[in-house]
Amino acid sequence: MQVVHTIPDLRQALHKVRQENRSVGLVPTMGCLHEGHRSLIKKAKAESAFVVVSIFVNPTQFAPHEDFSQYPRTFADDQALCEKTGVDLIFSPRVEDFYAADASTWIEAEGVSDGLCGTFRPGHFRGVATVVAMLFNSVQPDVAVFGRKDLQQLAVIQRMVRDLHFPVKIIAHETVREPNGLALSSRNRYLAPEELKQATVIPAALQIAKKLLAAGEKQSSIILAAVRDHLATEPSIALQYLAIVNRESMAVVETVTPGSCTIALACHLGKTRLIDNLDL
Ligand code: PAF
């Protein structure tokens, strides 16, 4: 496995791969890799001949009050996980090499970025779309794999790829969960053991939406009220938003159309912000 930190080194490594006509798969990450990432990497390996994992904690997707400086950086462990999972190359640029000091070009997927997390993290999806575009331009992957857990991020990237004609196939991969249902996330490591137990109310509450839909209930307001009531049984959960949306446009829907809608939420548990969603 190669580890490169600069774009010239990356291009040199990939030049050979392209000459051999091997397809390239990219898994963009911010490091702090866990089983969820391992599953994205395996998917990339199944879909391409040469797998690149980018590890880059992207400053432009964090607001000034957010956890950029505290975001866990675990490069040695990440490298070991990549090596074990059969990654071919890690691309891990330094912030000052990847962004020009006076960088002023941004990508904004309007509309799809605005609600849900976009309401509470203004500028976040602009940072995500821009860095993903930079990674696509640097790696020029044939496929790129993203987790469905970051529902809105996935929708933003799919929109960007469609609108700007990036020649890359986006693969959406299922959320990986603990046996108790909790979605895997790098931020779970901020949770105390007690909070990890409390957090299981989140997937349990989302499942209620699925059960109601299976029983014939299609009104979002009724489904959302039942999910909210269940979340309220755990007082340490502070709900930020709960919505049922069309998963392509991220528009809120009043009536659920099975197959195209997703229930999504963000909440705080102590100081940790968690997101989760379930396709309906
Ligand atoms: O999901 C993430 O880890 C990040 O948002 C991404 C896609 C790597 C962009 O920095």
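These values consider heavy atoms only, across backbone and side chains, with no hydrogens, waters or symmetry-generated copies. Just so you know, ligand 1 is whichever comes first in the structure, and atom 1 is the first atom listed for that ligand. Source: prediction; values computed, not measured.
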Exercise. Tell me: protein heavy atom nearest atom 10 (O) of ligand 1, and distance?
Worked result: Q61 OE1, 2.6 Å
Problem set entry | SB check R121 E66 (cutoff 4.0 Å) | yes
Exercise. Heavy atoms, side chains only, cut-off 4.5 Å: are P258 and K218 in contact?
Worked result: yes
Seminar exercise, completed: heavy-atom search around atom 2 (C) of ligand 1 in the protein gives Q153 NE2, 3.9 Å
For this session: Below 4.0 angstrom from a heavy atom of P28, which ligand 1 atoms are there? Numbered from 1 as shown, please.
Result: 8 (C)
Exercise. Is there a nitrogen or oxygen of N58 sitting under 3.5 Å from a nitrogen or oxygen of ligand 1?
Worked result: no
For this session: Not counting sequence neighbours, which residues clear ring-ring contact (aromatic ring centres under 6.0 Å, His included) with H230? List them please.
Result: none
For this session: For ligand 1, indicate whether the residue T29 contacts it via side chain, backbone, both or neither (heavy-atom separation under 4.0 Å).
Result: backbone
Problem set entry | R159 charged N/C atom sitting above F166 aromatic ring, 6.0 Å / 45° | no
Exercise. Looking at V131, which atoms of ligand 1 are within less than 4.0 Å of one of its heavy atoms?
Worked result: 9 (C), 10 (O)
Seminar exercise, completed: Separation between OG (S186) and OH (Y71), nearest 0.5 Å, reads 3.5 Å
